[in-house]
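Structure, as structure tokens:
Just so it is clear, the values below take in all heavy atoms, side chains as well, and ignore hydrogens, waters and symmetry mates. Start at 1 and go down the list; that is how both ligands and their atoms are numbered. If you're wondering where the values come from, they're calculated on a predicted model, not measured in any experiment.
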Amino acid sequence: MNIRPVVLVADPLSPVALSSLGSDVEVRHCDGTDRPALLAAVESADALLVRSATRVDAEVLDAAPRLRFIGRAGVGLDNVDVQDATRRGVAVANAPTANVVSAAEMTCALILASARHLLPAGTALRQGSWERSRYTGVELSSKTLGVIGLGRIGTLVAERMAAFGMDIVAHDPHLGNACPDGVKLLTLDELLRRADVITVHLPKTAETTGLIGRAELAAMKPTALLVNVARGGIVDEQALHAALVSGQIAGAALDVFGREPCTESPLFELDNVTPTPHLGASTSEAQDRAGVTVVEAALKALFDQPAGSPAA
Ligand SMILES: NC(=O)C1=CN([C@@H]2O[C@H](COP(=O)(O)OP(=O)(O)OC[C@H]3O[C@@H](n4cnc5c(N)ncnc54)[C@H](O)[C@@H]3O)[C@@H](O)[C@H]2O)C=CC1
Ligand SMILES: O=C(O)CCC(=O)C(=O)O
């Protein structure tokens, strides 16, 4: 009889994280985006480890009578129904700091890529077109960066872009007086009107979904660049498409989309959009840290507590 607890890995975790699971647990894998496979596999799972692709909702929790722990190897918990899990005595842990440097570096890369048209210029060159004046960019030095959500990632982005000579303004109603030196806190409307580059670093919640819509895009400068490495749906994609086509704003870089995986979008047809497939946390360092963090939490939940009692 198998008495080892079963850890179900439903999204790809780093090899370092997988090996840190050790031999006291039985590790099983499934594709968490394949709903029937997930629902079948979770039935015997004591712990479930996911990244952002697997949705853990009431249906999954209903199918998982033995589940004691859900580990989210990353920051955003919008794909896990934490409230429902907690109500059922299933502990949930994420890795809130594991990938923030990677996400911040990705954001900086997208800001620079957008300002200098790297994606369309490189694509044109691969197609044999040497168009230097078409891809004239803008300098970032002395421009204003507007950070919406000055938490861990927003702060790292602000620090890094300040080194490029950008003035930093931010909007974050939950910060109170805890604003870092050199950053000016503004209302959302003031930020939208003043910033040359706007970057979004918010959790996806009922409050933040659709926060950047038609009216907010209309308030931005026609030269503004908008970057979203947070979550799809915080920026209204239809309104953004209209704003980019009409020249209401100059460009956008998007790492995240309302529906993922997202392989087709009218936004992908626009030269002034730099899209990436949710790569913010996709570095070996971030994946090792995030995976090991949730594995350690899973082992603690499985072995430090008697089965059936909720982990802290
Ligand atoms: N693209 C990617 O691969 C990654 C995306 N993310 C996303 O980035 C998000 C932010 O991550 P962190 O900076 O680590 O989170 P955090 O919790 O440190 O910071 C979020 C900040 O947003 C602020 N905030 C909340 N509601 C707001 C509102 N309505 N207006 C303005 N500010 C508001 C909070 O006060 C907080 O300071 C995550 O929730 C996740 O969804 C995180 C890592 C990688
Ligand atoms: O690597 C992932 O699963 C995505 C990272 C992410 O979006 C997050 O940590 O919130």
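- Between F268 and F257, the two ring planes are perpendicular [angle over 60°; tilted spans 30° to 60°].
- Put simply, the side chain of L8 reaches to within 4.5 Å of the side chain of C30, judged on heavy atoms.
- The hydrophobic clustering, which links ILVMFWY residues whose side-chain heavy atoms are closer than 4.5 Å, places L217 and L202 together.
- Taking a heavy-atom cut-off of under 4.0 Å, ligand 2 is surrounded by R51, S52, R72, G74, V75, G76, N99, R231, H278, A281, Q287.
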Show every donor-acceptor pair shorter than 3.5 Å between a side-chain atom in residues 97-114 and any protein atom, with sequence neighbours excluded, or say none if there are none.
from: S102; atom 1: OG; to: T283; atom 2: OG1; distance (Å): 2.7
from: T107; atom 1: OG1; to: A103; atom 2: O; distance (Å): 2.7
from: S114; atom 1: OG; to: L110; atom 2: O; distance (Å): 2.9

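- Pocket lining of ligand 1, defined as residues with a non-hydrogen atom under 4.0 Å away: V75, G76, N99, V100, A103, G149, L150, G151, R152, I153, H171, D172, P173, H174, H201, L202, P203, E207, T208, V229, A230, R231, D255, V256, H278, G280, A281.
- Considering R72, R55, K204, R231 as possible partners of D78, the one that fulfils the side chain to side chain donor-acceptor pair (under 3.5 Å) test is R231.
- Qualifying ring-ring contact (aromatic ring centres under 6.0 Å, His included) partners for F164, counting only residues two or more places apart in sequence or in other chains: none.
- The minimum heavy-atom distance linking P5 with L302 is given by the pair CB-CD1, 4.0 Å.
- When all heavy atoms are compared, the tightest approach of E43 to R66 is O-CD, 4.2 Å.
- Just one residue in the list I198, V235, N228 forms a side chain to side chain contact (heavy atoms under 4.5 Å, CB included) with I212, and that residue is V235.
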